[in-house]
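Below is one structure, written out as structure tokens; the observations come after it.
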Amino acid sequence: MTAQTNRQFLLAQRPVGAVTRENFTFREEAVGTPADGQILVKIEYLSLDPAMRGWMNEGKSYIPPVAIGQVMRALGVGKVVASEHPNFAVGDYVNGGLGVQDYFLGEPTGFYKVDPTLAPLPRYLSALGMTGMTAYFALLDVGAPKAGDTVVISGAAGAVGSIAGQIARLKGCRVVGIAGGREKCQFLIDELGFDGAIDYKSEDVIAGLKRECPKGVDVYFDNVGGDILDAVLSRLAFKARVVICGAISQYNNKEAVKGPANYLALLVNRARMEGFVVMDYAAQFGAAGQEMAGWLAEGRLKSKEDIVEGLETFPETLLKLFSGENFGKLVLKV
Ligand code: NDP
């Protein structure tokens, strides 16, 4: 190979509050060659996830934090350009933990192949990737929706929420999305077939829930936490299920996370609230991916990707998740 440059974002310091460019070191180094058991991948697209903010914090979580000086963790898709691994050949496209950089060099632990002729590469980071798997298993396994249930989803126009809502529709549920802004709410109804939408930025969420969910909420798929979680708790139906998928409103807190004040609604309604981590379902990703691909092919599921170009924009692009500037799955084209 001719000498290529690998641009990398390394974690330089742990953020306090929102991420800034100063939290990273931007480094350029020569691309190496794989040792035995390693592959070299030219990265094409990176998945930008709210979870990245959590991975930058010290302390115990469901996955170890990114170490200071380490390449910032990110899932991505790319093309194998050199291989010393028996299962991966030059020209294969792979999905895995590639990191925020131009090239990944290392052992392909947990990597799997994807076929760019079956779906555009960014879709393997959205409906056909971790995002889609999150929506699928958090809704169907933890939320356990039944036909006729009222399902409320926050962060509904986002990557996970938009897919979870469509799956709930496919299962015969009445689906109400909570999202920020008129355009996103209109999209949920007009494009994705949601039954109702609540614009939390311009209306009172409890009033919206009373209007859209007159029989109460059977399943609440929570992506945002905070005040919206409290509002939905106050409108639960008997035996409701609350899926704690995420709490983006709390990720940049400088003080302690704000927990729900209305948790006694669980007692009154004999409801349950359960946390979810997508990796627990890894053994079932293949079958779920097949089902999702079928729905996409039949036009029963839509996947919207919001693609921003330029690895160098990474810190500012990541912030779009927290300002709500992304519309669909946020993907960085390297
Ligand atoms: P999204 O595409 O949904 O982007 C984040 C969205 O969150 C923004 O577009 C914005 O939408 C909304 N948002 C941001 N700040 C706030 C706020 N303060 N209050 C209310 N809404 C806010 O991201 P993802 O789909 O990738 O992730 C959604 C959630 O799923 C996250 O909480 C994430 O951590 C979680 N997740 C959990 C996994 C698990 O295994 N448990 C795996 C993957 C994701 P708007 O314009 O509507 O405000």
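For ligands, and for the atoms within them, numbers begin at 1 and follow the listed sequence. Positions are given from 1 along the sequence.
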Worksheet item: Which bit of K184 gets closer than 4.0 Å to ligand 1, counting heavy atoms only: side chain, backbone, both or neither?
Response: side chain
Discussion item. Heavy atoms only, cut-off 4.0 Å: how does A138 contact ligand 1, side chain, backbone, both, or neither?
Written reply: neither
Are any of the side-chain nitrogens in [X] or [Y] under 4.0 Å away from the carboxylate oxygens of its partner?
X	Y	result
D141	R241	no
R211	E203	yes
E212	R174	yes
D195	R169	yes
R21	E316	yes

Proximal ligand 1 atoms for [X], defined as those under 4.0 Å from one of its heavy atoms:
X	value
G158	1 (P), 2 (O), 3 (O)
F322	14 (C), 15 (N)
N326	1 (P), 2 (O), 4 (O), 8 (C), 9 (O)
A247	32 (O)
A179	47 (O)
G246	32 (O)
G328	2 (O)
V277	40 (O)

For [atom], what's the nearest protein heavy-atom neighbour? Residue, atom name and distance, please.
atom	value
atom 40 (O) of ligand 1	V278 N, 2.8 Å
atom 29 (C) of ligand 1	N223 OD1, 3.3 Å
atom 14 (C) of ligand 1	L321 O, 3.3 Å
atom 7 (O) of ligand 1	I248 CG2, 3.6 Å
atom 17 (C) of ligand 1	S249 CB, 3.7 Å
atom 34 (O) of ligand 1	Y251 OH, 2.8 Å
atom 26 (O) of ligand 1	P50 CD, 3.3 Å
atom 10 (C) of ligand 1	G324 CA, 3.6 Å

Contact with ligand 1 for [X], non-hydrogen, under 4.0 angstrom:
X	answer
S162	no
C245	yes
Y200	yes

Worksheet item: Which pairs pass salt bridge (Lys or Arg N to Asp or Glu O under 4.0 Å) with one or both residues in residues 32-44, sequence neighbours excluded?
Response: none
Item to complete: Look at atom 2 (O) of ligand 1 and find which of G226, A51, A159 reaches it with the closest heavy atom.
Response: A159
Discussion item. Would K113 and F88 count as a cation-pi pair here, with the cationic atom under 6.0 angstrom from the ring centre and within 45° of the axis?
Written reply: yes
Discussion item. Are Y45 and Y124, when compared by the centres of their aromatic rings, separated by less than 6.0 Å?
Written reply: no
Discussion item. Looking only at the aromatic ring of each residue, does the gap between the centers of F276 and F221 stay below 6.0 angstrom?
Written reply: no
Worksheet item: Do the ring planes of F137 and Y281 sit parallel (below 30°), tilted (30 to 60°) or perpendicular (above 60°)?
Response: parallel
Worksheet entry | Heavy-atom pair of closest approach, residues L48 and L318 | CD1-N, 3.9 Å
Discussion item. So, taking the atom named SG in C245 and the one named CG in L139, what distance separates them when rounded to the nearest 0.5 Å?
Written reply: 10.0 Å
Worksheet item: Just distances here: any N/O of V224 and N/O of ligand 1 closer than 3.5 Å?
Response: no
Fill in: Heteroatom proximity flag, T134 to ligand 1, N/O under 3.5 Å
no
Worksheet entry | CD (E309) with more than 12 external heavy atoms under 6.0 Å | no
Practice prompt. Check the pair F327, F187 against ring-ring contact (aromatic ring centres under 6.0 Å, His included), reporting the backbone distance first and the verdict last.
Written response: CA-CA 10 Å; F327 200 162; F187 166 78; 5.0 Å; yes
